There are 2 protein chains.
Amino acid sequence: MAPKYKQVAEQIETDIVNHVYQHTNKLLTEDEYATKYDISRNTVRKAIEILVNKGYVYQVQGSGVFVRDHYNSDYVNLEKLQGLTSDFSGRKVETRPLAFEQTTANEEVAERMKCPVGTPVYYVKRLRLVDDHPFSVEDSYFRKSLVVYLDENIIRKSIYNYLRNDQKLAIGFADRVIYADFLKAEDAVLLELKENDPALLVDNTVYLTNGQIFDVSRATHHFKHVKMLKVSNIKS
Amino acid sequence: MAPKYKQVAEQIETDIVNHVYQHTNKLLTEDEYATKYDISRNTVRKAIEILVNKGYVYQVQGSGVFVRDHYNSDYVNLEKLQGLTSDFSGRKVETRPLAFEQTTANEEVAERMKCPVGTPVYYVKRLRLVDDHPFSVEDSYFRKSLVVYLDENIIRKSIYNYLRNDQKLAIGFADRVIYADFLKAEDAVLLELKENDPALLVDNTVYLTNGQIFDVSRATHHFKHVKMLKVSNIKS
DNA sequence: AAGTGGTCTAGACCACCGT
DNA sequence: CGGTGGTCTAGACCACTTC
């Protein structure tokens with residue numbers, strides 16, 4: 001059972017996507033939502049906060065909450081970690097496994113995973129395509145003691161859905177380091193580009209809620225097809 | 001007068017940076033902070049939420065709030081918009097003005113600023129250096145009707161501090177689109193790289209609290225010296 | 001002045017972690 | 001089981017926008 005504020009956030013998000021507020025671009029007031037859903041104003045505010053963080057709306061004190069012009073599906077939204085499928089809903093998203101093996105952490109992986117060299121890990125390499133265009137190549141390592149089981153069937157689909165739903169893994173937070181570099185020859189072939197073209201790289205480190213690292217990955221993105229979007233509020 | 005939750009967040013942040021929690025890596029409990037600062041638990045939670053979003057700490061239900069290993073000063077943290085000076089505190093940050101003029105929006109700028117072609121704007125081009133290494137080249141346009149005044153002296157320092165503190169401009173939120181491309185010849189010279197090397201680009205659109213766009217910019221970053229960090233929680 | 005979002009409180013109860 | 005974070009409430013008062 002999801003908490004109320006999440007349910008309400010999803011409700012309002014659906015309304016936004018369905019252009020319910022199109023005439024004025026303005027949401028209902030907080031008091032109106034409180035009455036509508038029979039919840040307290042603070043719960044309404046928590047719901048709206050989620051939408052603010054996702055970049056759907058902005059708040060103006062004394063005035064209201066307004067819908068933003070939003071970037072439909074050309075960007076990878078850095079606020080939504082669920083992966084490509086949610087960013088590119090309505091488009092064809094495909095995953096091609098390129099490698100899958102059980103091995104042990106070499107020095108580089110051990111350093112990124114903060115574990116000893118030789119720790120057992122799963123290695124997965126996958127090519128992702130959107131609308132039949134190569135999108136990114138992804139090298140992932142999963143710590144075997146934490147993910148317990150993986151197979152070739154699972155990695156064709158969403159590894160994360162499997163870990164969350166079937167393995168009940170409590171995924172907590174993630175760091176992503178974003179940078180540019182020369183495209184390696186091996187990846188150039190897969191992305192249908194040339195060696196030493198630019199590449200947009202993202203190094204991921206994913207933690208369980210208790211702070212343990214269970215996954216590190218590096219995604220090499222097609223520089224022409226991939227742009228990342230970060231929305232920010234000037235608070236904090 | 002900053003709100004309590006912000007003040008407390010800054011207090012705790014200072015404590016973290018000064019290694020006050022180093023022995024256990026664990027913050028005080030929410031109740032302890034509530035007593036310590038004589039505030040309600042909800043206010044403590046708002047303060048801690050800020051630190052979570054900045055990537056300083058993570059929360060474990062039933063257990064406590066823990067300090068993360070943090071990435072001292074090698075990354076541009078996408079959660080902190082204040083600019084380079086705060087990301088690279090303790091390092092030499094320099095800004096060299098390359099161009100400053102009053103002009104009008106051409107088609108590209110008008111499109112990005114969602115304003116008519118011909119709208120009066122300030123154009124600013126600056127080179128940023130960190131520890132004497134070229135870091136990025138930045139092309140910015142400011143909508144003249146909203147920023148009112150700028151001069152060559154201001155753009156040497158922090159334009160944003162000036163707009164916020166002296167002009168009392170209410171800066172609200174920003175979009176950043178991050179991507180990779182070939183480095184242009186003109187920027188290669190400034191960054192001491194070669195034409196067609198990779199470049200890490202960031203297109204910025206900055207809004208006032210009322211939703212008006214007052215600044216658009218494009219930063220071309222040195223691919224070897226710049227990495228961006230995004231920390232995320234798996235909530236929302 | 002009325003409307004609407006922003007801050008803050010005090011307290012209740014639940015969910016999860018550890019002993 | 002006790003400790004600690006997560007959700008939620010009802011209400012007060014402030015700050016800003018709009019008319």
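All values below were derived from every heavy atom in this structure, side-chain atoms included, with hydrogens, water molecules and symmetry-related copies excluded. So that the names make sense, note that chain A is the first sequence line, chain B the second, and so on, each numbered from 1. Everything numeric here is computed off the predicted structure, so don't read it as measured data.
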In terms of side-chain heavy atoms of B:P3, which of D:dC8, D:dG5, C:dT7 is nearest?
C:dT7
d(CD, A:E49; P, D:dG6) in whole Å
13 Å
I need the OH-P distance between A:Y58 and D:dT17, as an integer number of Å.
13 Å
Rounding to a whole Å, what distance do you find between A:D31:CG and D:dA12:C1'?
13 Å
Looking at D:dT4, I'd like to know if its phosphate oxygens (OP1 or OP2) sit under 4.0 Å from a side-chain N or O belonging to B:S63.
no
Length of the NZ-P vector between A:K168 and C:dA15, whole Å
16 Å
Please figure out whether B:V65 or A:V60 has its closest DNA chain D nucleotide nearer the 5' end.
B:V65
Between C:dT9 atom P and B:D38 atom CG, what is the distance in whole Å?
8 Å
Choose from D:dG5, C:dT9, C:dT7 the nucleotide whose nearest atom is closest to any side-chain atom of B:N42.
C:dT9
Applying the ring-ring contact (aromatic ring centres under 6.0 Å, His included) criterion to B:F66, which one of B:Y58, B:Y21, B:Y56 satisfies it?
B:Y58
Any side-chain N or O of A:T43 under 4.0 Å from OP1/OP2 of D:dT9?
yes
Just N and O in the side chain of A:Y5: are any of them under 4.0 Å from OP1 or OP2 of D:dC8?
no
Closest to the A:Q61 side chain: C:dC17, C:dG11, D:dC16?
D:dC16
Phosphate oxygens OP1/OP2 of C:dT7: is one of them under 4.0 Å from a side-chain N or O of B:K6?
no
Please determine if A:R45 forms a cation-pi arrangement with A:Y5, meaning its NZ or CZ atom is less than 6.0 Å from the six-membered ring centre and no more than 45° off the ring axis.
no
Rounded interatomic separation in angstrom, taking CZ from B:F66 and C1' from C:dG18:
11 Å
Atom-pair distance (NZ on B:K26; P on C:dG18), nearest Å:
11 Å
A:L163 CG to A:D215 CG distance, which is reported to the nearest 0.5 Å
8.0 Å
Parallel, tilted or perpendicular: which describes the rings of B:F214 and B:F142, with under 30° parallel and over 60° perpendicular?
tilted
Along DNA chain C (nearest heavy atom to each residue), the more 5'-positioned of B:K4 and A:T29:
A:T29
If you only use heavy atoms from C-beta on, which nucleotide in D:dT7, D:dT9, C:dG5 is closest to the side chain of B:R41?
D:dT7
Would you please confirm or rule out a distance under 4.0 Å between OP1 or OP2 of C:dG6 and any side-chain N or O of B:K46?
no
Between B:Y179 and A:K227, is there a cation-pi geometry (under 6.0 Å to ring centre, at most 45° from the normal)?
yes
Contact under 4.0 Å: B:R45 side-chain N or O vs D:dG6 OP1/OP2:
yes
To the nearest Å, give me how far apart CG (A:N210) and P (D:dG5) are.
16 Å
